[in-house]
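Below you'll find the structure, written out as structure tokens, and then a few comments.
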Amino acid sequence: MSVIPTSFFLQMDVVSLANQLIGCRLNTVIDGKFCSGIVLETEAYAGETDKASHAFGGRKTFRTSVMYKEGGIAYVYFCYGMHYLFNVVTAVEGVPHAILIRALLPVEGIDAMQSRRGSKVKFGQLTNGPGKLTKAMGIEKSHNGLLLEEGHIWFEKTSEKLVGDIVATPRIGIDYAEEDALLPYRFVWMPSEGHK
DNA sequence: ACACCGATTATCT
DNA sequence: GATAATCGGTGTA
């Protein structure tokens with residue numbers, strides 16, 4: 001298990017990075033509670049040329065200013081009036097690439113996740129969506145722009161081998177992106193048969 | 001299993 | 001004033 005340094009996110013190929021994050025651990029220490037989960041689903045947002053990106057066409061607003069910073073920080077934004085979505089900003093300063101984390105497999109801090117999500121929520125529903133996992137992990141707007149370092153919000157590589165395959169599909173919920181809605185920028189871990 | 005739809009508000013036009 | 005990188009409840013089967 002090794003902490004992923006913020007410099008890892010300076011890579012310029014955001015689609016490759018989104019693929020590479022599958023199987024890594026996302027960890028948080030928030031409100032004194034340690035939570036950890038394996039990244040199962042990501043989406044790449046490829047900056048100014050990607051019609052699905054908030055920064056499409058070079059839009060610089062208060063919200064997107066975080067995306068233009070140097071890679072290795074969190075981009076957390078409020079969606080549909082009720083959910084926080086967590087992204088990793090990637091690439092060098094001035095290039096607004098980001099990766100949305102869409103699903104996790106809970107590993108540690110499951111009690112904390114359960115109490116944040118509500119006692120009625122089943123284990124399989126704790127972190128199987130981008131708005132659900134931020135709530136379970138304790139991520140919200142105060143974390144926007146935060147450097148991804150050990151002890152607060154950070155990623156780790158594990159030596160455990162992933163049993164299954166990573167498949168690429170079109171992204172979810174971006175019908176407004178016209179032809180870019182079809183790009184295979186979503187990565188999902190599919191367990192192999194017999195390892196469900 | 002799957003389709004539909006209402007909630008709720010920051011952000012941008 | 002419209003939109004939105006979602007979620008969970010309700011309905012039909």
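Lettering of chains follows the sequences in order, A, B, ..., and the numbering in each one begins at 1.
Side-chain atoms of A:Thr90 do not come within 3.5 Å of backbone N or O of A:Val14 as any donor-acceptor pair. Counting only distance, with no hydrogens or angles, the side chain of A:Thr127 and the backbone of A:Leu104 share a donor-acceptor pair below 3.5 Å. The main-chain N or O of A:Lys51 is found under 3.5 Å from a side-chain atom of A:Asp180 such that the two form a donor-acceptor pair. Between the side chain of A:Glu149 and the backbone N or O of A:Trp154 there is no donor-acceptor pair closer than 3.5 Å.
A:Ile99 has its side chain out of reach of A:Asn87: every pair of non-hydrogen atoms, C-beta onward, lies at least 4.5 Å apart. Residues A:Asn144 and A:Tyr84 form no side-chain contact, since every pair of their non-hydrogen atoms from C-beta on lies 4.5 Å or further apart.
Evaluation of the side chain to side chain donor-acceptor pair (under 3.5 Å) test over residues 70-82 of chain A, restricted to residues two or more places apart or in two chains, returns A:His54-A:Tyr75. Sorted by first and then second residue, the salt bridge (Lys or Arg N to Asp or Glu O under 4.0 Å) pairs with a member in residues 25-48 of chain A read A:Arg25-A:Glu108, A:Arg25-A:Glu160, A:Glu41-A:Arg102, A:Glu41-A:Arg186, A:Glu43-A:Arg102; sequence neighbours excluded.
In this structure, NE2 of A:His54 is placed 11 Å from C1' of C:dT3, rounded to the nearest angstrom. Rounded to an integer number of Å, the gap from CZ of A:Phe56 to C1' of C:dA4 is 17 Å. Protein atom CG of A:Asp180 is 14 Å distant from nucleotide atom P of C:dA5, rounded to whole Å.
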Tabulated below should be each protein N or O lying under 3.5 Å from an N or O of nucleotides 6-11 of chain C; please produce it.
unit_1 : atom_1 : unit_2   : atom_2 : d
C:dT6  : OP1    : A:Arg102 : NH1    : 3.2
C:dT6  : O3'    : A:Gly131 : N      : 3.4
C:dT6  : O2     : A:His83  : NE2    : 2.9
C:dC7  : OP1    : A:Pro130 : N      : 3.2
C:dC7  : OP1    : A:Gly131 : N      : 2.7
C:dC7  : OP1    : A:Lys132 : N      : 3.1
C:dC7  : O4'    : A:His83  : NE2    : 3.2
C:dG8  : OP1    : A:Arg117 : NH1    : 2.9
C:dG8  : OP1    : A:Arg117 : NH2    : 3.4
C:dG8  : OP2    : A:Lys132 : NZ     : 3.2

Would you tabulate the pairs of protein nitrogen or oxygen atoms and nucleotide nitrogen or oxygen atoms of nucleotides 11-13 of chain B closer than 3.5 angstrom?
unit_1 : atom_1 : unit_2  : atom_2 : d
B:dC12 : OP1    : A:Thr61 : OG1    : 2.1

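Interatomic distance, OH of A:Tyr45 versus CD1 of A:Ile174, reported as 5.0 Å (0.5 Å rounding). Atom NE2 of A:His97 and atom CE of A:Met67 lie 9.0 Å apart (nearest 0.5 Å).
Under 4.0 angstrom from either OP1 or OP2 of C:dA5 there lies no side-chain N or O belonging to A:Tyr75.
Stems are defined here as 3 or more consecutive Watson-Crick or G-U wobble pairs with pairing distances under 3.5 Å; those involving DNA chain B are B:1-7 with C:6-12, B:9-12 with C:1-4.
Residues passing the side-chain contact (heavy atoms from CB on, under 4.5 Å) test with A:Asn19, sequence neighbours excluded: A:Ile166, A:Phe187.
The side-chain ring of A:Tyr176 is not stacked on the base of C:dA4, judged by centre separation under 5.5 angstrom and plane angle under 30 degrees.
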